[in-house]
Amino acid sequence: MSFVSSLKYLFDSVTSLAAVECCTVCGRGLTPDENAICTHCLLDLPRTDCWNRPYNEIHDLLDGRARPHFCMAWFRYSRASEYAALIRRAKYGDRPRLARGLGRMMGCELLAAAAAAPSGHAAEWLAELDVLLPVPMYWTKRMRRGFNQSEEIARGLAEMLNIPVGDNLVARRGHKTQTRKTFEARLRNVAGTMEVVRGEELAGLGVAVVDDVITSGATMAECVGLLQSAEPTTSPRSVNVVALALAGQGR
């Protein structure tokens, strides 16, 4: 093999390795049939099974501040878990495609659960949904990050469920990060930061507020509360909650 041929072989090999996408969780190379997460890690995903329970821990978390109809989160989130990389990279790693892909996977599992039990809770949950509303992000933060991960998750979910994504929840001002704040401080931090626009578009519809992670529930409670406090002429039929993950902490 000539020197030039050797260089070309080395270059092609490095390029081929670089092109192999890796599992976001374990780092293994993905097969052509896998996307973002390998089959092994997907099987071991710490699922909540919320969509099979009409009343679950998300209802408990929001009780007293908002009363959503159906609530679900796909998997349990812990900072110490290797699965936390899914949220970190989708949120902070400039990976909008990852956020949208995870939304599609969640939607696929929801459809499968509904198909497996046509009269079950998952099917009832799906039948309730008319529009998905991402938790909004203030424009300055969106400019810095380049995208709203909740919107990307909603769009991935919408692709699978064939449900539109609305823009009726908007951020009227920014707020400081919720990280490391007490529950009461989180509530104060998000109070008054969002509003509903063109509420008449939501009248009589089943809406679902979409977010990446539910931790204390303060942000979700603010969104759900706004939608539920609408005038009767612009009131949704039901307000529901969906998130990629549910944090392991309580109130």
If you apply the rule side-chain contact (heavy atoms from CB on, under 4.5 Å), what do you find for Arg76 with Glu57, and how did you get there? CA-CA 12 Å; Arg76 297 191 183 279; Glu57 54 267 45; 2.5 Å; yes

Apply side-chain contact (heavy atoms from CB on, under 4.5 Å) to Thr233 and Glu200, showing your working. CA-CA 7 Å; Thr233 55; Glu200 66 278 1; over 6 Å; no

For a salt bridge (Lys or Arg N to Asp or Glu O under 4.0 Å) check, start with the C-alpha distance between Glu195 and Arg172, then their side-chain angles and the critical distance, and finish with the verdict. CA-CA 7 Å; Glu195 65 178 335; Arg172 58 189 294 187; 5.1 Å; no

Go through the steps for Asn56 and Met72 under the test side-chain contact (heavy atoms from CB on, under 4.5 Å), then give the verdict. CA-CA 8 Å; Asn56 54 59; Met72 68 149 286; 5.7 Å; no

Go through it in stages, so that I can follow the logic: the residues are Val25 and Leu42, the test is side-chain contact (heavy atoms from CB on, under 4.5 Å), and I'd like the CA-CA distance, side-chain angles, deciding distance and then a yes or no. CA-CA 9 Å; Val25 178; Leu42 187 58; over 6 Å; no

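Between the side chain of Thr24 and the main chain of Ala36, a donor-acceptor pair closer than 3.5 Å is present. In this structure, Glu34 contributes its side chain and Thr31 its backbone to a donor-acceptor pair below 3.5 Å. Using modelled atom types, no side-chain atom of Thr234 and backbone atom of Ala230 make a donor-acceptor pair closer than 3.5 Å. Of the possible donor and acceptor atoms, one in the side chain of Thr48 sits under 3.5 Å from a partner among the backbone N and O of Ala73. Under a 3.5 Å cut-off, the side chain of Arg95 and the backbone N or O of Ala90 do not form any donor-acceptor pair.
Between Ala84 and Ser78 the shortest heavy-atom distance is CB-O, 3.3 Å. Here the shortest heavy-atom pairing between Pro136 and Cys223 reads CD-SG, 4.3 Å. Listed here is the closest heavy atom pair of Ala208 and Leu129: CB-CD2, 3.7 Å. Heavy-atom minimum distance, Trp74 versus Met106: CB-SD, 3.6 Å. Heavy atoms only, all atoms of each residue included: Leu110 and Ala122 are closest at CD1-CB, 4.1 Å. Here the closest non-hydrogen pair linking Ala154 and Pro134 is CB-CG, 3.9 Å.
Within the 4.5 Å cutoff, the side chain of Pro68 has heavy atoms near those of the Leu62 side chain. Inter-residue side-chain proximity for Arg28 and His40 is flagged as met; some heavy-atom pair is nearer than 4.5 Å. Counting only heavy atoms from C-beta outward, the side chains of Met137 and Met143 never approach each other to under 4.5 Å. Between Val135 and Val209 the shortest side-chain heavy-atom distance falls below 4.5 Å. Counting heavy atoms from C-beta on, the side chains of Val242 and Trp51 never come closer than 4.5 Å. Two residues are said to be in side-chain contact when any heavy atoms from C-beta on lie closer than 4.5 Å; Tyr77 and Leu246 fail this criterion. Residues Ile163 and Asp130 form no side-chain contact, since every pair of their non-hydrogen atoms from C-beta on lies 4.5 Å or further apart. No side-chain heavy atom of Asn240 sits under 4.5 Å from any side-chain heavy atom of Cys71.
The CG atom of Leu169 sits 7.5 Å away from atom CE of Met194, with the distance rounded to the nearest 0.5 Å. In this structure, the separation between CG on Leu157 and OG on Ser150 is 12.0 Å, given to the nearest 0.5 Å. Considering OG1 of Thr39 and CG of Asp33, their distance stands at 8.0 Å, rounded to 0.5 Å. Remark: Thr219 OG1 to Asp212 CG distance equals 9.5 Å, nearest 0.5 Å. Of the inter-residue distances, the one linking Cys23 atom SG with Leu30 atom CG reads 6.0 Å to the nearest 0.5 angstrom. We find the SG-CD distance between Cys108 and Glu159 to be 12.5 Å, quoted to the nearest 0.5 Å.
Under the 4.5 Å side-chain contact rule for hydrophobic residues, Leu111 and Leu132 share a cluster. Linking Ile, Leu, Val, Met, Phe, Trp and Tyr whenever their side-chain heavy atoms come within less than 4.5 Å leaves Ile153 and Val170 in two separate clusters. Note: the hydrophobic cluster containing Val165 does not contain Phe147 (ILVMFWY, side chain heavy atoms under 4.5 Å, direct or indirect links).
The aromatic rings of Phe70 and His121 sit perpendicular, their planes meeting at an angle over 60°, well past the 30° parallel limit.
Salt bridge status for Arg47 with Glu109: present, with a side-chain N to carboxylate O gap under 4.0 Å. The pair Arg142-Glu151 meets the salt-bridge criterion, with a side-chain N (NZ, NE, NH1 or NH2) lying under 4.0 Å from an Asp/Glu carboxylate O. Under the 4.0 Å criterion applied to side-chain N and carboxylate O atoms, Glu152 and Lys91 are not assigned as salt-bridge partners.
For the residue pair Asp44/Tyr83, the side-chain donor-acceptor check at 3.5 Å is not satisfied.
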